[in-house]
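As structure tokens, the structure follows; a few thoughts come after it.
Quick note on labels: first sequence line is chain A, next is B, and so on, each numbered from 1. Values in this document were obtained by computation on a predicted structure and should not be read as measured data.
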There are 2 protein chains.
Amino acid sequence: MTPPPTPKKPERRTTPLSRERIVDAAIDLLDTAGESGLTFRALSERLATGPGAIYWHVANKSELLVAATNRVVSIALAAQKAGQPGAIHDVALGLYDAIEKHPWLAPQITAQLSHNPTGPVTILIFEDIGRQVSALDVPASSWFTATTALMHYILGAAGQNAANLARARSLGPDADRSAYMDTVAGAWKQLSPEDYPFTRAVAEQGLDHDDRTQFLAGIDLIITGVTAGPPTA
Amino acid sequence: MTPPPTPKKPERRTTPLSRERIVDAAIDLLDTAGESGLTFRALSERLATGPGAIYWHVANKSELLVAATNRVVSIALAAQKAGQPGAIHDVALGLYDAIEKHPWLAPQITAQLSHNPTGPVTILIFEDIGRQVSALDVPASSWFTATTALMHYILGAAGQNAANLARARSLGPDADRSAYMDTVAGAWKQLSPEDYPFTRAVAEQGLDHDDRTQFLAGIDLIITGVTAGPPTA
DNA sequence: ACATGATTGGAACGCTGTTCCACACTTGTT
DNA sequence: AACAAGTGTGGAACAGCGTTCCAATCATGT
């Protein structure tokens, strides 16, 4: 509605290269080209600049990865209501879906849990899961254990699922997760019955083909443990 | 007792550079110099050879990491007896100790769970944990969920603990885990009570200073969930 | 004594994250 | 209107990485 040709603000240039734009491009690159696809040269090209310019806005690659992770996690956890029944499912599925959409996320989060336990990503997730745990009817003494157990299960299982999906897709666009799980079960059935009786037995009974149901079963298992048996603190 | 100078077997040369020796050196390098310390050049130097020679015995770095992981995990899980009460604790602590001794192990295992779900490391761990689960008095339908939950918790929690330990050591040789946990709790107490009520509450009540007890509490929590509440399959 | 094939180790290639610096552009002051 | 200052840019250059290549060496069968 106001298109005079360069009036007062000549608009520095087309899209002036901000930290936000860099993080956006980084996330896009990670999603499309994978973890190893994020390089400063590829990023430069996509942003139509040189590698040096990026370093004006971002200290190094590590900080860039933290920022990208933080952004995605924040969005995933943004819309949560506390205290409601099934609220843990919402938080868990929020992370689950984010990790499925961004397969690089799970390794990144676990790496940041290790390298920076007081960092924003760590606290964001811990707080969000923990809030649902504290709404459960359990003594405060088991909060930490319960939250930790849930967090590790969510990140591990969701990461595993995302990896399975990515692998299934790489085997051909027609093959879905279901077909891929059959492949895995098939491989497991080849194992020696003497050395690997359990894995074979599980393979025989068939792997679950509904990933979300399987994931939530694990969540419920832990919740059951939390509410059923605090061993008298 | 038999020191004739080079009798029949002149002994090719001092230590002829086998795949086993390479893996040994790699593990040593990972333990002492960390994940980023394992390079083919450092490895060459330690083995008194060139980078090219290593490639005769090992296809690439990825395969070398798989072999190193496999070796350490195999040893950690070697002495396990099935079916005994508390056997899950033994398996869990076996992995826990191995990860504490080799801080690079947890990230490696989770990466291999993703990249190669039918690989030896994956199956080794899954089988060993699962065997203890199947000895529990639960229906076979919950075996997969229970084993998965335990596996992810063990790897996540043990990895976190190892990272904490490494971090504590890097802050000074006198500081132990206990002092480090106080540091973390201190940082958490600085958080805004409005945005992070749960994390603050947990920090106030103090973090557990006995890492193994804390770890086993999580294991027991999951086991309780497994035995108490299969929600009527 | 020779030929063969299994090993070795150093040089070289392409890639990475990162640093450096000469250049443009915007802005505030005269 | 002209200039100084400082913010932002982008391309060149560096060290180090995994990996490949190949001429030289060793152990061995003939």
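- Rounding to whole angstrom units, CD1 of residue Ile54(B) and C1' of dG10(C) are separated by 13 Å.
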Might you work through the side chain to side chain contact (heavy atoms under 4.5 Å, CB included) test for Asn161(A) and Phe215(A), ending with a clear yes or no?
CA-CA 9 Å; Asn161(A) 176 69; Phe215(A) 173 71; over 6 Å; no
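- Note: CZ (Arg19(A)) to P (dG8(D)) measures 14 Å, nearest angstrom.
- At most 12 heavy atoms of other shown residues, nucleotides or ligands fall within 6.0 angstrom of atom NZ in Lys101(B).
- Atom CZ in Phe40(B) sits roughly 12 Å away from atom P in dC17(D) (whole-Å rounding).
- Picking from dT20(D), dG10(D), dC14(D) the nucleotide with the shortest atom distance to the side chain of Tyr55(B) gives dT20(D).
- Atom CG of Leu17(B) is separated from atom P of dA27(D) by 14 Å (rounded to the nearest Å).
- Proximity of the aromatic rings of Phe126(B) and Phe198(A) is defined here by a centroid distance below 6.0 angstrom, and this criterion is met.
- Checking the phosphate oxygens (OP1, OP2) of dT8(C), no side-chain nitrogen or oxygen of Thr49(B) falls inside 4.0 Å.
- Of the listed nucleotides (dT8(C), dT19(D), dG17(C)), dG17(C) has the atom at the smallest distance from the side chain of Lys61(A).
- When the side-chain nitrogen and oxygen atoms of Trp56(B) are compared with OP1 and OP2 of dT7(C), one or more of them lie within a distance under 4.0 Å.
- Regarding Glu45(B), its CD atom lies at a distance of 11 Å from the P atom of dG10(C), rounded to whole Å.
- Under 4.0 Å is where a charged nitrogen must lie from a carboxylate oxygen, and between Glu45(B) and Arg41(B) no such pair does.
- The side chain of Arg41(A) approaches dT18(C) more closely than any other nucleotide in the set dG10(D), dT19(D), dT18(C).
- Atom CG of Leu47(A) and atom C1' of dG11(D) are 16 Å apart (whole Å).
- For the residue pair Arg212(B) / Tyr96(B), no side-chain donor-acceptor distance below 3.5 Å is found, with atom types taken as modelled.
- Position along DNA chain D of the nearest nucleotide to Ala48(A) versus Gly52(B) favours Ala48(A) as the more 5'-ward residue.
- Listed by chain and number, the residues in a side-chain hydrogen bond (donor to acceptor under 3.5 Å, both in side chains) with Asn164(A) amount to none (sequence neighbours excluded).
- Counting any heavy atom pair closer than 4.0 Å across all strands shown, Leu38(A) reaches sugar-phosphate atoms only and no base atom.
- Of the candidates dG9(C), dA12(C), dG10(D), the closest approach to any side-chain atom of Ala53(A) belongs to dG10(D).
- Side chains of His102(A) and Gln108(A) form no contact here, defined as non-hydrogen atoms less than 4.5 Å apart.
- Using a 4.0 Å heavy-atom cutoff across all strands shown, Ala59(A) reaches no nucleic acid atom at all.
- Out of dT19(D), dT9(D), dT18(C), the shortest distance to the side chain of Asn60(B) is found at dT19(D).
- Only at 4.0 angstrom or more do the heavy atoms of residues 22-36 of chain A sit from any atom of DNA chain D, so none qualifies.
- The nucleotide whose nearest atom lies closest to any side-chain atom of His57(A) is, among dT18(C), dC17(D), dT9(D), dT9(D).
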